[in-house]
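Below you'll find the structure, written out as structure tokens, and then a few comments.
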Amino acid sequence: MPFGEQPAYLRVAEDLRQQIADGTLPPHTRLPSQATIRVTYGVSDTVALEARKVLMAEGLVEGRSGSGTYVREQPSRRTVARSGYRTPGAGSTFRQEQADEHVRGTWEGTSERVEAPADIAGRLRIEPCEPVMRTRYVFRVGGEPVMLSTSWEPLRLTGRTPVLLPEQGPLAGRGVVERMAAIDVVVDNVTEEVGARPALAAEARVLGGLPGHAVLVIARTHRAGSLPVETADVIVPADRYSVAYHLPVR
């Protein structure tokens with residue numbers, strides 16, 4: 001079997017990857033054993049093992065205890081929309097999107113007072129360990145978890161106000177912009193930085209998939225002028241969702 005100049009384990013992985021892509025190895029099919037790969041491709045056990053590891057790291061196959069390694073069924077890729085547009089009184093972007101009659105979205109959030117970690121303190125321009133309100137969200141569509149979010153708000157700003165708890169009180173669930181307006185803080189800009197990293201075990205446990213699979217991380221910060229009033233990390237499974245932005249032209 002002719003190959004190019006790639007390392008042997010990558011050449012084997014590429015051929016197996018192509019078989020998965022064209023349906024020769026369909027979902028739930030057992031991957032050829034290490035011995036079979038060794039004989040078929042004329043490689044060592046070490047090369048065969050490394051090729052299987054590559055496919056597993058890419059999320060194309062999964063090991064089943066006592067049974068072997070099988071081709072994973074790849075989910076249909078869907079879109080999580082992000083928008084600069086806000087309808088007054090409609091709450092957060094996610095809540096507006098789920099108002100669509102064709103989408104069944106739910107969410108839950110829990111808040112607790114914590115000390116700001118150093119990186120979050122830097123984003124909020126406060127001192128490390130200064131008290132913040134941390135709110136953790138799980139967003140679902142059709143019962144399936146699609147997104148996690150952890151939000152931090154400085155208590156020096158919201159403490160002893162009606163908007164202390166984002167999901168409780170008279171403006172529960174109304175979103176950062178409307179809640180801050182209620183305490184005379186005008187949010188006029190939002191930044192979002194999009195990156196990627198392997199999923200943490202706790203994230204994978206909620207979102208599905210395996211620890212180490214890629215997730216998109218959206219680091220969002222709401223500001224009133226140059227003053228940060230809230231920052232959040234939004235986590236989206238990269239193998240199942242893309243992130244699309246709708247930005248108004250001014």
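Along the sequence shown, the residues carry numbers beginning at 1. Just so it is clear, the model here is predicted, and its values are computed rather than measured.
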- Query: In terms of side-chain geometry, is the basic nitrogen of Arg64 or Glu62 positioned less than 4.0 Å from the acidic oxygen of its partner?
  - Reply: yes
- Arg223 side chain to Thr191 side chain, donor-acceptor N/O pair below 3.5 angstrom: yes
- Could Glu58 and Arg72 be called an ion pair, given the rule that one side-chain N must be under 4.0 Å from one carboxylate O? no
- Message: Could you list the cluster mates of Val217? Members are the ILVMFWY residues connected by side-chain heavy atoms closer than 4.5 Å, either directly or through other members.
- Response: Val138, Leu148, Val206, Leu207, Val215, Ile235
- Electrostatic pair Glu14-Arg17, nearest N-O below 4.0 angstrom: no
- Task: From the options Arg125, Arg113, Arg156, select the one residue that forms a salt bridge (charged side-chain N to carboxylate O under 4.0 Å, His left out) with Glu130.
- Result: Arg156
- Item | All side chain to side chain donor-acceptor pair (under 3.5 Å) counterparts of Thr36, not counting sequence neighbours | Ser33
- Task: Check whether more than 12 heavy atoms from other residues, nucleotides or ligands sit under 6.0 Å from atom CD of Glu193, and answer yes or no.
- Result: no
- Query: So, Arg220 and Glu230, do they make that salt bridge, N to O below 4.0 Å?
  - Reply: yes
- Is a side-chain N or O of Glu203 found less than 3.5 angstrom from the main chain of Leu200, in a donor-acceptor match? yes
- Is the shortest distance from a Lys or Arg side-chain nitrogen in Asp233 or Arg123 to a carboxylate oxygen in the other one below 4.0 Å? yes
- Note on the structure: dist Thr161:OG1 -> Ile183:CD1 (nearest 0.5 Å) comes out at 4.5 Å
- Take Ser149 and Arg136 through the side-chain hydrogen bond (donor to acceptor under 3.5 Å, both in side chains) test and state the conclusion after the steps. CA-CA 6 Å; Ser149 177; Arg136 289 174 167 160; over 6 Å; no
- Message: Using the side chain to side chain donor-acceptor pair (under 3.5 Å) criterion, which residues pair with Gln34? Sequence neighbours excluded.
- Response: none
